[in-house]
Colleague: 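This is the structure I have questions about; it appears just below.
The sequence lines fix the lettering, A, B, ..., with proteins before strands; numbering per chain opens at 1. Please read these numbers as outputs of a predicted model, since none were measured by experiment.
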Number of protein chains: 2
Amino acid sequence: MAQAVRHDEMRAHNLALVLREVRSHGSLTRATLAEVTGLTKTTVSKLVGDLLEAGLVVEAGAVRARERGRPGVEVRVSGDRVAAIGLEINVDYLSVRVVDLSRRVRLRLTQAVDNRLSKPMDVIGDLRRLALSALAQAEGTGLRVVGAGLAVPGPVDIESGEIHNAPNLGWRNVPVGTALDLGVPLRVENEANLAALGELWFGAGRADFLYVSGEIGIGAGLVVNGALFRGARGFAGELGHVVVTPEGPQCRCGARGCLEQYAGQDAFLDAVADRSSFAHGIDAIVAHLEHGDPTTKAACEKAGWALGVALSSAINLVDPHTIVLGGIYAPLFPWIGGVVAETIGGRLAQMRATAPPVEVSRLGSEAAALGAAGQVLETVVADPAALSERLTDRRDPGPR
Amino acid sequence: MAQAVRHDEMRAHNLALVLREVRSHGSLTRATLAEVTGLTKTTVSKLVGDLLEAGLVVEAGAVRARERGRPGVEVRVSGDRVAAIGLEINVDYLSVRVVDLSRRVRLRLTQAVDNRLSKPMDVIGDLRRLALSALAQAEGTGLRVVGAGLAVPGPVDIESGEIHNAPNLGWRNVPVGTALDLGVPLRVENEANLAALGELWFGAGRADFLYVSGEIGIGAGLVVNGALFRGARGFAGELGHVVVTPEGPQCRCGARGCLEQYAGQDAFLDAVADRSSFAHGIDAIVAHLEHGDPTTKAACEKAGWALGVALSSAINLVDPHTIVLGGIYAPLFPWIGGVVAETIGGRLAQMRATAPPVEVSRLGSEAAALGAAGQVLETVVADPAALSERLTDRRDPGPR
DNA sequence: ATATTTAGTCCACAACATAGACTAATTCGG
DNA sequence: CCGAATTAGTCTATGTTGTGGACTAAATAT
């Protein structure tokens with residue numbers, strides 16, 4: 001658990017503190033950095049020196065922070081040295097994103113493919129090919145990719161990187177963590193959780209919210225005080241199986257009346273009674289809605305009500321500051337957001353002064369892959385000392 | 001947010017580490033302490049010396065830890081110097097507990113009284129009298145009470161110590177935090193949260209569980225990795241208003257079909273159709289059950305089912321390791337525990353290998369007051385350096 | 001009685017942050 | 001245009017803390 005703190009860890013902590021402050025302020029001089037951190041100018045200078053040497057920050061031009069006196073030299077996070085790769089396997093696409101330490105997206109590769117039709121190992125092979133080509137391109141521009149993150153639609157054992165059960169893909173007990181070897185450390189995580197983190201770091205940027213990921217299944221990622229809440233075993237956020245009506249329609253989870261039966265992608269398509277092409281399902285629905293189709297509108301009403309009911313349980317239990325609707329709910333937001341907010345507001349009327357606002361995600365299907373990459377970058381910012389050690393002795397590429 | 005780390009904070013951290021290890025192991029020699037913390041014997045000796053001087057630990061007799069060689073001197077947490085006071089205002093009683101740093105309960109005062117019949121300030125006055133007498137007794141035995149915790153049945157603003165709305169007491173906007181002045185720092189917190197912490201520190205002692213507090217209202221406290229989960233605004237855990245049936249009976253929260261309408265104390269009493277005496281309501285119900293009364297048994301079945309439905313939503317959302325039933329559910333456990341576990345198990349069948357076990361609380365109505373005291377002791381263990389400063393200059397009794 | 005083993009202390013040293021003097025680079029005012 | 005004022009950043013001496021190994025203390029084994 002908690003361990004002894006020695007001089008080197010004190011230094012590592014302060015190094016991380018400085019890097020975090022530089023990032024959160026965009027750019028800072030050493031003098032203001034000393035002010036905001038509470039460290040002395042001497043210490044800040046030494047720490048910034050180390051960060052410069054490691055290539056994690058760069059000096060921008062001189063600026064006059066105050067009107068009089070010598071101008072300071074601003075320091076900002078360097079996007080030219082360190083990067084991470086984010087991957088996503090979803091039902092109908094594979095995607096790869098390379099993001100540098102300054103959170104700029106350097107490379108986007110997306111491949112539309114129905115992954116339910118292939119064997120897991122073949123899908124992993126496809127993704128590996130995409131990822132390796134992205135890695136090669138990134139390394140070619142001088143970036144050093146320090147780690148990879150992978151988003152999958154279903155609960156994952158984070159330690160082993162094994163997918164227990166991804167019902168929408170039809171996968172069971174697939175050891176992606178070990179099968180997808182890219183030569184860099186890999187972390188596998190639930191898609192909804194990573195999409196929430198993506199929203200945190202690349203989207204709206206609030207520190208407290210519940211992200212709702214509507215796909216074939218419905219997941220949620222809870223961010224509290226800037227950190228993901230995973231629960232005891234890492235299975236938290238299964239919003240799709242929260243009860244809407246205890247004796248409602250049978251769900252494939254074994255229970256009855258789960259949210260997924262009312263507001264999952266299939267429920268929409270069933271309601272619209274036009275399941276011609278699954279891949280363009282959402283586009284078709286939006287088209288119907290834009291033409292004012294009453295059946296589709298009614299389906300939205302019903303799904304929005306169910307989502308509101310399930311979310312009111314969630315709000316009572318975990319008290320999020322805001323609700324962010326993502327996945328298929330993002331394009332449907334104009335027709336569904338109002339009902340959701342009204343249902344929540346109605347059910348929470350007496351419990352709290354104001355119900356959490358319901359907002360729409362700013363990132364489309366990119367959220368999870370970006371969150372996956374961002375999570376790797378976050379480990380770098382949390383412990384820059386560990387990285388610079390690894391960067392200095394390049395002989396050893398570092399174990400898993 | 002995160003702040004700079006200096007030498008004094010390094011020391012404070014290691015001091016806390018040593019104290020924590022001493023507590024979690026019961027008693028330890030300096031040598032084994034050096035092993036488990038990773039610090040050197042020299043450093044451990046210095047830190048232990050400071051803790052001894054502050055009176056937070058004491059030396060027990062010498063023991064031969066290993067067969068050969070000089071025997072070590074074991075050190076354990078001292079229960080004779082530092083203590084905390086835990087208070088609870090509930091609907092039908094006031095209670096006070098004094099607990100020393102070694103977590104021994106030194107004093108118990110409970111007063112049965114229907115607090116709905118008095119004005120809030122009168123109730124606070126009653127509690128203050130009880131608490132001051134307990135404080136005097138404790139100080140008389142040489143204990144130094146370093147802080148107080150207060151449990152109230154309803155959501156609280158932790159910062160200000162103000163109760164927004166305690167519907168079961170009929171209180172609104174009562175500033176208990178400032179009104180109840182005991183001369184020591186006071187922290188006010190929701191009863192369910194503190195009962196969960198009480199269970200953590202004085203009861204079963206698991207590090208991950210969801211504690212369900214069934215009283216007139218139904219609350220829950222979620223403990224994850226030994227820490228309380230409060231949500232963004234501190235209102236998490238309102239299990240009583242999780243949806244069981246979205247169009248069910250009207251709840252006083254404004255919604256319909258909340259758990260409280262099915263499994264709250266009033267729902268039980270209504271079902272049994274014998275609301276003769278509220279104070280002994282639960283005892284009467286247990287008596288009926290022990291005589292095999294079928295109406296009461298049916299009420300348990302229904303409440304247990306509803307609790308299982310709401311808990312299955314909670315498990316999907318927050319993934320607790322274990323469910324602990326407390327409050328009125330503790331005496332009812334023999335008749336209700338089975339249905340709850342079955343309902344949960346049935347609804348989670350396909351989602352995870354095993355559903356969280358449903359257990360019964362080991363502490364009766366004492367849980368919340370003990371948790372309140374324990375929370376104060378935890379701040380001492382988390383930062384013993386801050387306390388010893390305050391203990392050394394006794395002129396200044398400390399602000400707030 | 002002596003060797004061995006383990007506990008705990010002592011002392012020289014290393015790592016880190018601090019405080020304040022010092023140098024560098026700019027603006028302001030005459 | 002030059003000196004005073006002001007702010008940025010570096011340098012040096014110092015203080016606090018943990019480390020490592022030598023040392024003393026107290027037990028058991030032979």
Colleague: Report the nucleotide, chosen from C:dC28, C:dA17, C:dT9, that has the shortest atom-to-atom distance to any side-chain atom of A:Arg11.
Modeller: C:dA17
Colleague: Could you tell me how far apart B:Leu47 (CG) and D:dT16 (P) are, to the nearest whole angstrom?
Modeller: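 Atom-to-atom, B:Leu47 to D:dT16, this comes out as 16 Å.
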Colleague: In whole angstroms, how far is the P atom of C:dA7 from the CD atom of B:Glu59?
Modeller: 15 Å
Colleague: Between B:His13 and A:Gln3 (side chain of the first, backbone of the second, donor and acceptor by atom type, cut-off under 3.5 Å), is there such a pair?
Modeller: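 A pair under 3.5 Å: yes.
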Colleague: Checking the side chain of A:Asn14 only, and the main-chain atoms of B:Val5 only, is there a donor and an acceptor separated by less than 3.5 Å?
Modeller: yes
Colleague: Rounded to the nearest angstrom, tell me the gap between atom CG in A:Leu28 and atom P in D:dA8.
Modeller: 12 Å
Colleague: Could you list the donor-acceptor pairs under 3.5 angstrom formed by side chains in residues 48-61 of chain B, with sequence neighbours left out?
Modeller:
| unit_1 | atom_1 | unit_2 | atom_2 | d |
| --- | --- | --- | --- | --- |
| B:Asp50 | OD2 | B:Arg11 | NH2 | 2.8 |
| B:Glu59 | OE2 | B:Arg30 | NH1 | 3.2 |
| B:Glu59 | OE2 | B:Arg30 | NH2 | 2.8 |

Colleague: Rounded off to whole Å, could you give me the CD-to-C1' distance for the A:Glu35 and D:dA8 pair?
Modeller: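 Going from CD in A:Glu35 over to C1' in D:dA8 covers 12 Å.
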Colleague: Let me spell it out: for each of A:Arg30 and A:Val5, pick the nucleotide of DNA chain D with the closest heavy atom. Which residue's pick is nearer the 5' end?
Modeller: A:Arg30
Colleague: Would you indicate what B:Val44 reaches in the nucleic acid, counting non-hydrogen atoms under 4.0 angstrom: base, sugar-phosphate, or nothing?
Modeller: nothing
Colleague: Let's see if you can work this out: which of C:dG8, D:dA27, C:dA15 has an atom nearest to the side-chain heavy atoms of B:His7?
Modeller: C:dA15
Colleague: As a test of reading the structure: which of D:dC11, D:dT6, C:dG8 is closest to the side chain of A:Arg68, going by heavy atoms?
Modeller: D:dT6
Colleague: Can you tell which of D:dT19, C:dA15, C:dT26 lies closest to the side chain of A:Arg6?
Modeller: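 Of the candidates, D:dT19 comes closest.
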Colleague: How many Å lie between CD on A:Glu74 and C1' on D:dG9, as a whole number?
Modeller: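 Whole-Å distance recorded here is 15 Å.
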Colleague: Report the end-to-end axis angle of the helix from C:dA1-D:dT30 to C:dG30-D:dC1; each axis comes from five terminal pairs, and the value is rounded to 10°.
Modeller: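 The angle, to the nearest 10 degrees, is 10°.
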Colleague: Please answer whether the main-chain N or O of B:Thr42 pairs with a side-chain N or O of B:Ser45 as donor and acceptor at a distance below 3.5 Å.
Modeller: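 Not a single qualifying donor-acceptor pair exists.
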Colleague: If each of A:Glu9 and A:Thr42 is mapped to the nucleotide of DNA chain C with the nearest heavy atom, which maps nearer the 5' terminus, i.e. the 5' end?
Modeller: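 Closest to the 5' end, via its nearest nucleotide, is A:Glu9.
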Colleague: Would you please confirm or rule out a distance under 4.0 Å between OP1 or OP2 of C:dA17 and any side-chain N or O of A:Asn14?
Modeller: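 For C:dA17, OP1 or OP2 has a side-chain N or O of A:Asn14 closer than 4.0 Å.
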Colleague: Between C:dA7, D:dT17, D:dG9, which one does the side chain of B:Met10 approach most closely?
Modeller: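 When the side chain of B:Met10 is considered, D:dT17 is the closest of C:dA7, D:dT17, D:dG9.
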Colleague: Side chain of A:Thr40 only, heavy atoms from C-beta on: which candidate in D:dT24, C:dC16, C:dA19 is closest?
Modeller: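 Selected nucleotide (nearest to the side chain): C:dA19.
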Colleague: Mind checking whether B:His7 and A:His7 have parallel, tilted or perpendicular rings, split at 30° and 60°?
Modeller: perpendicular
Colleague: If you count every heavy atom of other residues, nucleotides or ligands that lies below 6.0 Å from B:Arg362 atom CZ, does the total exceed 12?
Modeller: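 Atom CZ in B:Arg362 is not crowded, with 12 or fewer foreign heavy atoms closer than 6.0 Å.
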Colleague: Measure the distance from CG on A:Asp8 to C1' on D:dT19 and round it to the nearest whole Å.
Modeller: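 Value for this atom pair: 11 Å.
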Colleague: Among D:dG18, D:dT24, C:dA19, find the nucleotide with the atom closest to the side chain of B:Arg70.
Modeller: D:dT24
Colleague: Is it true that a side-chain atom of A:Arg106 and a backbone atom of A:Gly79 form a donor plus acceptor pair closer than 3.5 Å?
Modeller: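 Side chain of A:Arg106 to backbone of A:Gly79, a donor-acceptor pair under 3.5 Å: yes, one is there.
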Colleague: Quick one: which of D:dA8, C:dT18, C:dT9 gets closest to the side chain of B:Lys41?
Modeller: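 Looking only at side-chain atoms, B:Lys41 lies closest to C:dT9.
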Colleague: Side chains of B:Ser78 and B:Asp80: donor-acceptor distance under 3.5 Å anywhere?
Modeller: no
